[in-house]
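Inspection log for the structure reproduced underneath, given as structure tokens.
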2 protein chains.
Amino acid sequence: MAGTRWLDERQMAAWQGFLEATSRVSRHVEQQLKEDAGLSHPQYEVLVRLAGAPGGELRMTDLAEGLFTSKSNLTYQVGQLEKHGLVRRRSCPTDVRGVLAVLTEEGRDTLRAAAPGHVAAVRAALIDVLEPDEIDTIARALGRVGARLRPPGRDTEETEAAERAAETEAQGAGSSDSGGMSTSSS
Amino acid sequence: MAGTRWLDERQMAAWQGFLEATSRVSRHVEQQLKEDAGLSHPQYEVLVRLAGAPGGELRMTDLAEGLFTSKSNLTYQVGQLEKHGLVRRRSCPTDVRGVLAVLTEEGRDTLRAAAPGHVAAVRAALIDVLEPDEIDTIARALGRVGARLRPPGRDTEETEAAERAAETEAQGAGSSDSGGMSTSSS
DNA sequence: CACCGGTTGTTCAAATTCGAAACGTACCGT
DNA sequence: ACGGTACGTTTCGAATTTGAACAACCGGTG
């Protein structure tokens, strides 16, 4: 038991910084989104993914994939969005149990209106505080960290690659788009 | 409105990486802590701070300071800890309105037992996945990010200083030897 | 065709979280 | 000492989140 490898000062600083940044940034972004567009961050993400999908619709499962939350939570979030008329549900034609979440016109408008403020918040909280080289390091390092903890399940032919190579997260692009406005946009 | 400065690919990757890493790491750590010691992360942090304070006691407000959560939540957390006998409340002798949270023997034992596993989890999820230089960059960069979003209030001679060097609170106390174990140690 | 293991999405109760309002002091200027 | 304001903590109600339990359903097997 005496063999525990504690953290040295550097590592400790990194962990603390990570914790504080995490907490503060997410709070900042979430708050901006809430009072500026009445959306929670997860809800915003849902809209973004839908907007970037063909036909503006996606199955719950696919939606859950990129969204870092549980299935039951997704049901809740979509329920909220539906209640506000930003999304509509439609049962999947090829699979009876499937449900498609469809972005409504109003949802698209809301997203369009919310995007600029959101990006600004992300910049103010994180991006514009970092030097270019820090941005690259963080993208690479944290990308690796996230990938490593990714559930074993799906092998998107890149999951494995990233796992091993872990070199450059290579935006891949292949994954449909993501060019959407997930804090960016066209 | 065309004036919005969207994020380029690098920045986008950094933001996404930050989001995913944030979500996955915190989930990983929290889960380990919960099923290994029955503590939530905030609760663990409370114990750590108390263990590192003279007499193993601290005022609620001081506790809340380093703990990235709201005051009402702190009340709840301490309440939970108290319910499990890891902490005890005592009214402050110098200020009647104040309340001191005191670490009990059992609390100290619980912390000692939980620390190794927690550190291991943090290492597995974050630290050991990073290169030494990445650790330094992250400590510096995220430290700056967190400090910048820190509420204006406090002027602990750190306002400006923290900008450059993330303070690593000294916490010798504890129990004679292996100092605090805020995921680190002496 | 009936059976089985694995999916899909929802529902439920319980735990957590937050913000605003409520309290009971403490400190300050007069 | 007196009134006003600021502080430290808790309480309250509402919103979120989660894990487990469900019910219906797919697909492939024998």
Side-chain angles (χ1 to χ4, degrees), chain A residues 22-24 26-35 38-46 57-65 67-84 87-102 151-155, chain B residues 22-24 26-35 38-46 57-65 67-84 87-102 151-155:
Chain A
T22 269
S23 151
R24 297 236 143 87
S26 92
R27 197 179 295 261
H28 179 262
V29 168
E30 201 130 335
Q31 184 160 359
Q32 183 282 320
L33 220 37
K34 185 92 66 184
E35 61 188 43
L39 295 171
S40 68
H41 187 51
Q43 286 170 358
Y44 180 83
E45 284 293 330
V46 166
E57 58 184 21
L58 233 38
R59 284 186 61 163
M60 295 301 252
T61 302
D62 299 323
L63 207 47
E65 213 148 295
L67 205 55
F68 317 125
T69 178
S70 60
K71 270 186 292 191
S72 50
N73 188 16
L74 179 61
T75 293
Y76 175 75
Q77 298 298 351
V78 172
Q80 292 306 94
L81 287 173
E82 191 171 28
K83 198 158 72 179
H84 291 303
V87 149
R88 183 165 53 81
R89 272 178 221 254
R90 180 165 88 82
S91 69
C92 178
T94 73
D95 189 335
V96 188
R97 29 188 200 160
V99 173
L100 289 171
V102 191
R154 288 286 70 62
D155 41 90
Chain B
T22 269
S23 152
R24 297 235 142 88
S26 91
R27 197 177 294 256
H28 179 262
V29 168
E30 200 131 333
Q31 185 160 358
Q32 183 283 320
L33 220 38
K34 185 95 62 185
E35 61 188 42
L39 295 171
S40 68
H41 187 54
Q43 285 169 1
Y44 180 83
E45 284 292 331
V46 167
E57 57 183 23
L58 232 38
R59 287 185 60 163
M60 295 300 257
T61 302
D62 298 324
L63 249 180
E65 211 148 297
L67 204 56
F68 317 125
T69 178
S70 60
K71 277 181 288 192
S72 49
N73 187 19
L74 178 62
T75 292
Y76 174 75
Q77 298 297 353
V78 172
Q80 292 304 93
L81 287 174
E82 192 171 26
K83 196 158 72 179
H84 291 301
V87 148
R88 184 165 52 77
R89 273 177 221 253
R90 181 164 90 80
S91 70
C92 178
T94 73
D95 189 336
V96 188
R97 347 168 247 186
V99 173
L100 289 172
V102 191
R154 290 291 64 63
D155 44 86

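In what follows, every chain begins at residue 1, and chains take the letters A, B, ... in the order their sequences are listed. Please read all numbers here as calculations on a predicted model, not as lab measurements.
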Item to check | Residues which pass side-chain contact (heavy atoms from CB on, under 4.5 Å) with A:Val102, listed by chain and number, not counting sequence neighbours | outcome: A:Glu57, A:Arg88, A:Arg90
Next on the checklist: If the cut-off is 4.0 Å, is B:Arg89 near the phosphate of D:dG8, judged by side-chain N/O to OP1 or OP2?
Outcome noted: no
Item to check | DNA chain D-proximal residues of residues 95-102 of chain A, any heavy atom under 4.0 Å | outcome: A:Asp95, A:Val96, A:Arg97
I'd like to check [X] versus [Y] (side-chain heavy atoms, cut-off strictly below 4.5 Å). Are they in contact?
X: A:Val46; Y: A:Leu58; answer: no
X: B:Gln80; Y: B:Lys83; answer: yes
X: B:His41; Y: B:Ser26; answer: no
X: A:Asn73; Y: A:Leu67; answer: no

Checklist outcome for this item: The answer to which of A:Arg59 and A:Gln31 contacts DNA chain C further toward the 5' end, by nearest nucleotide, is A:Arg59
Checklist outcome for this item: Result for 5'-nearest mapping on DNA chain C, choosing between A:Arg27 and A:Met60, is A:Met60
Nearest-Å distance, [atom1] ([X]) to [atom2] ([N])?
X: A:His41; N: C:dT17; atom1: NE2; atom2: P; result: 19 Å
X: A:Gln43; N: D:dA15; atom1: CD; atom2: P; result: 12 Å
X: B:Tyr44; N: C:dT16; atom1: OH; atom2: P; result: 18 Å
X: B:Glu35; N: D:dT18; atom1: CD; atom2: P; result: 16 Å
X: B:Leu63; N: D:dG8; atom1: CG; atom2: P; result: 14 Å
X: B:Phe68; N: C:dT16; atom1: CZ; atom2: P; result: 20 Å
X: A:Leu33; N: D:dT16; atom1: CG; atom2: P; result: 12 Å
X: B:Leu67; N: C:dC18; atom1: CG; atom2: C1'; result: 14 Å

Taking all non-hydrogen atoms of both residues, which atom of [X] and which atom of [Y] are closest, and how far apart?
X: B:Ser40; Y: B:Leu33; answer: O-CD2, 4.2 Å
X: A:Gly38; Y: A:Gln43; answer: O-OE1, 4.2 Å
X: B:Arg27; Y: A:Phe68; answer: NH2-O, 3.6 Å

Item to check | Point-to-point distance, once rounded to the nearest 0.5 Å, from OG of B:Ser72 to CD of B:Gln77 | outcome: 10.5 Å
Checklist outcome for this item: Rounded to the nearest 0.5 angstrom, the CG-CG distance for B:Leu39 and B:Leu81 is 7.0 Å
Checklist entry - At under 4.0 Å between heavy atoms, what does B:Ser40 touch on the DNA or RNA strands: base, sugar-phosphate, or nothing? => result nothing
Checklist outcome for this item: Residue set satisfying side chain to side chain donor-acceptor pair (under 3.5 Å) with A:Glu82, at least two apart, ordered chain then number -> A:Arg89
Item to check | With sequence neighbours excluded, residues passing salt bridge (charged side-chain N to carboxylate O under 4.0 Å, His left out) with B:Asp95 | outcome: B:Arg59, B:Arg97
Pairs under 3.5 angstrom, nitrogen or oxygen only, protein versus nucleotides 1-5 of chain D, please.
none

Item to check | Residue-level proximity of residues 70-81 of chain B to DNA chain C when a heavy atom falls under 4.0 Å | outcome: B:Ser70, B:Ser72, B:Asn73, B:Tyr76, B:Gln77, B:Gln80
